[in-house]
Amino acid sequence: MVTVLILGNTLRDAVGESEIELKVTDPTTVKKLVETNQEQLGALLRFIASREALITVNKKIGTDDSPVKDGDVVKFSFQSRTSYDGTRDIPT
């Protein structure tokens, strides 16, 4: 099982839940996890594409290409500064 945590009112309102457990049999990526579970997580795709979702996998900052496997915790947090995606230095 993969635990998906949704933080922030914006993302939580879009998804409708704050925590979702998903069965994962083979290693995948964050984006594929969201795409294969459209009913529960499909609303996150627009936030991922616009870089308004900060993604962490097991407490480490990640991207939509980060690997996900059974037992992982994936967290999505809303960020309003789309110029900062959490993987680069903050622009000055």
Side-chain angles (χ1 to χ4, degrees):
M1 296 294 270
V2 170
T3 302
V4 178
L5 302 175
I6 313 295
L7 303 180
N9 291 335
T10 303
L11 295 183
R12 207 171 316 124
D13 290 346
V15 174
E17 296 186 53
S18 60
E19 185 172 334
I20 300 169
E21 295 279 332
L22 300 171
K23 186 173 181 172
V24 175
T25 54
D26 296 322
T28 186
T29 65
V30 171
K31 187 172 184 178
K32 287 181 183 178
L33 180 72
V34 172
E35 290 173 343
T36 57
N37 294 281
Q38 289 270 339
E39 288 182 22
Q40 295 131 315
L41 301 175
L44 293 175
L45 287 172
R46 71 181 179 110
F47 295 103
I48 293 170
S50 66
R51 295 190 170 187
E52 291 180 306
L54 177 65
I55 301 166
T56 61
V57 179
N58 299 327
K59 298 184 180 182
K60 294 182 181 177
I61 294 176
T63 67
D64 58 346
D65 291 330
S66 294
V68 177
K69 63 186 180 325
D70 187 43
D72 286 348
V73 176
V74 179
K75 187 184 327 177
F76 294 92
S77 305
F78 181 75
Q79 61 180 9
S80 60
R81 286 192 70 187
T82 58
S83 62
Y84 178 60
D85 66 5
T87 59
R88 300 186 292 252
D89 289 334
I90 298 174
T92 57

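Just so it is clear, the structure is predicted and the values come from calculations on it, not from any experiment. As a basis for the values below, the full set of heavy atoms in this structure was taken, side chains included, without hydrogen atoms, waters or symmetry mates. In what follows, residues are counted from 1 in the order of the sequence shown.
Separation of atoms CD1 (Ile55) and NZ (Lys31) is listed at 10.0 Å; rounding is to 0.5 Å. From Asp13, atom CG reaches atom OG of Ser18 across 11.0 Å, with rounding to the nearest 0.5 Å. Atom OG of Ser66 sits about 11.0 Å away from atom NZ of Lys60, to the nearest 0.5 Å. The NZ atom of Lys23 lies 8.0 Å from the CE atom of Met1; values are rounded to the nearest 0.5 Å. With values rounded to the nearest 0.5 angstrom, Thr63 atom OG1 is found 9.0 Å from Arg51 atom CZ.
Chaining together hydrophobic side chains whose heavy atoms lie under 4.5 Å apart leaves Leu7 on its own.
Taking 4.5 Å as the limit, some side-chain heavy atom of Val4 sits within range of a side-chain heavy atom of Leu33. Using a 4.5 Å cut-off on side-chain heavy atoms (C-beta onward), Val30 and Val57 make contact. Between Ser77 and Lys75 there is a side-chain heavy-atom pair separated by less than 4.5 Å. Annotation: side chain of Leu22 is in contact with side chain of Gln40 (closest heavy-atom distance under 4.5 Å). Residues Val15 and Leu44 have side chains in contact (heavy-atom distance under 4.5 Å, counting atoms from C-beta outward). Val34 has its side chain within reach of Ile48: a pair of non-hydrogen atoms, C-beta onward, lies under 4.5 Å apart. With contacts defined as side-chain heavy-atom distances shorter than 4.5 Å, the pair Arg12/Thr10 does not qualify.
Taking all atoms of both residues into account, the shortest heavy-atom contact from Leu11 to Phe78 is CD1-N, 3.4 Å. Here the closest non-hydrogen pair linking Ala43 and Phe47 is O-CD1, 3.4 Å.
Side-chain N or O atoms of Glu35 include none that pairs as donor or acceptor with a backbone N or O of Leu41 at under 3.5 Å. No donor-acceptor pair closer than 3.5 Å links the side chain of Asp72 to the backbone N or O of Val2.
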**Prompt:** Does the side-chain contact (heavy atoms from CB on, under 4.5 Å) test come out yes or no for Ile61 and Leu54, once each step is laid out?
**Reply:** CA-CA 8 Å; Ile61 294 176; Leu54 177 65; 4.3 Å; yes

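Residues passing the salt bridge (Lys or Arg N to Asp or Glu O under 4.0 Å) test with Lys32: none are found, sequence neighbours excluded. For Arg46, the side chain to side chain donor-acceptor pair (under 3.5 Å) test picks out no residue, with sequence neighbours left out.
Follow the hydrophobic side-chain contacts under 4.5 Å out from Leu5 and you never reach Val24; the two are in separate clusters.
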